[in-house]
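Here is the structure we will look at.
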Amino acid sequence: MPEPIRVARSPDGVVAYAIPLPPETLPPVAPRDLEFAWDRARDAAASERWGPPRRLVFRRDDGSPQEMLLADVDAACWAEAVDGMHDLGTLGGLSLCLRLLALVEVMSRARWLAGLYAMTPQGIELHPTLLRAAAAMPLDAAARFDETGLKRLLSRSIPSGASA
């Protein structure tokens, strides 16, 4: 059982998290939780409910620190939305938040994913296969999804003849 995440707020409003493990060892999440987090984050952004910047300090296996700063207003907003539903001071909540941000990031650079989401008047609708993959696939050391690994995982999940 890993030690708990320590959370502190600095005088300048940054929320800091001391995380006892590296990002690539964070647990998987339930696809329905990821979908719900996506919807809540989208609603928070539309309502302009911006959150504070967050400093994540992971402990690598060799004991060295690895820092990640969520200072971008969109990332801070989405982190705030996830924190309100699944405490970022828990491994599950943190994993959910980072998977959500990793999904947005990989969708912005992996054009081949376009067949697994649709733009609607209500926003982006995610295909269940993409949600399942993002919920289960490990994050890399930078808390992102490996595009090659994701493509391989999704190619096994999508029936032949379906567009992807």
Side-chain angles (χ1 to χ4, degrees), residues 4-60 64-114 116-127 130-147 149-150:
I5 295 173
R6 293 188 329 266
V7 182
R9 186 178 292 268
S10 68
D12 63 357
V14 175
V15 181
Y17 298 82
I19 304 145
L21 40 81
E24 60 270 29
T25 62
L26 287 170
V29 299
R32 72 182 176 286
D33 289 343
L34 188 58
E35 182 175 33
F36 187 61
W38 178 277
D39 292 338
R40 289 285 304 263
R42 183 177 58 199
D43 292 345
S47 301
E48 298 182 1
R49 291 191 310 263
W50 314 120
R54 294 167 196 270
R55 177 173 285 113
L56 310 177
V57 183
F58 296 93
R59 186 171 60 215
R60 304 290 320 154
S64 65
Q66 173 187 342
E67 186 173 316
M68 177 184 293
L69 185 62
L70 303 179
D72 169 89
V73 292
D74 293 318
C77 176
W78 285 45
E80 181 74 8
V82 174
D83 194 27
M85 55 186 274
H86 288 282
D87 182 6
L88 293 187
T90 65
L91 292 177
L94 184 64
S95 182
L96 182 61
C97 179
L98 292 178
R99 287 169 185 284
L100 183 65
L101 294 173
L103 182 56
V104 170
E105 189 277 332
V106 76
M107 287 170 62
S108 73
R109 66 181 157 86
R111 299 291 175 226
W112 58 268
L113 282 172
L116 294 172
Y117 61 90
M119 300 293 285
T120 71
Q122 293 75 36
I124 295 175
E125 301 273 333
L126 302 172
H127 191 281
L130 180 57
L131 281 168
R132 281 192 302 273
M137 184 177 177
L139 297 167
D140 67 13
R144 293 183 174 162
F145 291 125
D146 171 65
E147 186 177 342
L150 183 59

Determine whether Ser10 and Arg55 make a side-chain contact, defined as any pair of heavy atoms from C-beta on separated by less than 4.5 Å. no
Between CG on residue Leu101 and CZ on residue Arg144, distance to nearest 0.5 Å: 10.5 Å
I want to check something: taking the side chain as every heavy atom from C-beta on, are Met68 and Leu98 in contact at a cut-off of under 4.5 Å? yes
Working for side chain to side chain contact (heavy atoms under 4.5 Å, CB included), residues Leu103 and Leu126: CA-CA 10 Å; Leu103 182 56; Leu126 302 172; 3.8 Å; yes
Run the numbers on Asp72 and Trp78 for side chain to side chain contact (heavy atoms under 4.5 Å, CB included), then give the verdict. CA-CA 10 Å; Asp72 169 89; Trp78 285 45; over 6 Å; no
Looking only at atom types and distance, does a side-chain atom of Arg49 sit under 3.5 Å from a main-chain N or O of Ala46, one as donor and one as acceptor? no
Arg40 and Asp43: CA distance, side-chain angles, deciding distance, salt bridge (charged side-chain N to carboxylate O under 4.0 Å, His left out) verdict: CA-CA 5 Å; Arg40 289 285 304 263; Asp43 292 345; 5.9 Å; no
Give me the atom names and distance for the closest heavy-atom approach of Leu130 to Leu116. CD2-O, 3.7 Å
So does Ala44 get a backbone contact from the side chain of Glu80, meaning a donor-acceptor N/O pair under 3.5 Å? no
What closest approach, in Å, do Ser108 and Glu105 show between heavy atoms, and which atom pair accounts for it? OG-O, 2.6 Å
Scan residues 18-36 for pairs that pass side-chain hydrogen bond (donor to acceptor under 3.5 Å, both in side chains), counting only residues two or more places apart or in two chains. Glu24-Arg60
Euclidean distance, Arg42 CZ relative to Ile124 CD1, rounded to 0.5 Å: 8.0 Å
Nearest 0.5 Å, please: how far is CE in Met137 from CZ in Arg132? 15.5 Å
Checking side chain to side chain contact (heavy atoms under 4.5 Å, CB included) between Arg54 and each of Val15, Val7, Val14, which is the one that passes? Val15
Between Leu113 and Leu150, does a side chain to side chain contact (heavy atoms under 4.5 Å, CB included) hold up when you go through it step by step? CA-CA 10 Å; Leu113 282 172; Leu150 183 59; 4.1 Å; yes
Tightest non-hydrogen contact, residues Ala135 and Ala30, listed as CB-C, 4.1 Å
Do you know which two heavy atoms are closest between Trp50 and Ala45, and how far apart they sit? CH2-O, 3.9 Å
Run the side-chain donor-acceptor check on residues 87-96: report pairs under 3.5 Å with partners two or more places apart or on a different chain.
unit_1 : atom_1 : unit_2 : atom_2 : d
Asp87  : OD1    : Gly89  : N      : 2.8
Thr90  : OG1    : Asp87  : O      : 2.7
Thr90  : OG1    : Gly93  : N      : 3.0
Ser95  : OG     : Pro27  : O      : 2.4
Ser95  : OG     : Arg99  : NE     : 3.0

Grab the two heavy atoms, one from Ala76 and one from Gly51, that are nearest each other, plus how far apart they are. CB-O, 3.5 Å
Where is the tightest heavy-atom contact between Ala37 and Leu100, given as atom of each residue plus distance? O-CD2, 4.0 Å
CG of Asp140 to CZ of Phe145: how many Å apart, nearest 0.5 Å? 9.5 Å
First locate atom CD of Glu125, then atom CE of Met119, and finally report the distance between them rounded to the nearest 0.5 Å. 10.5 Å
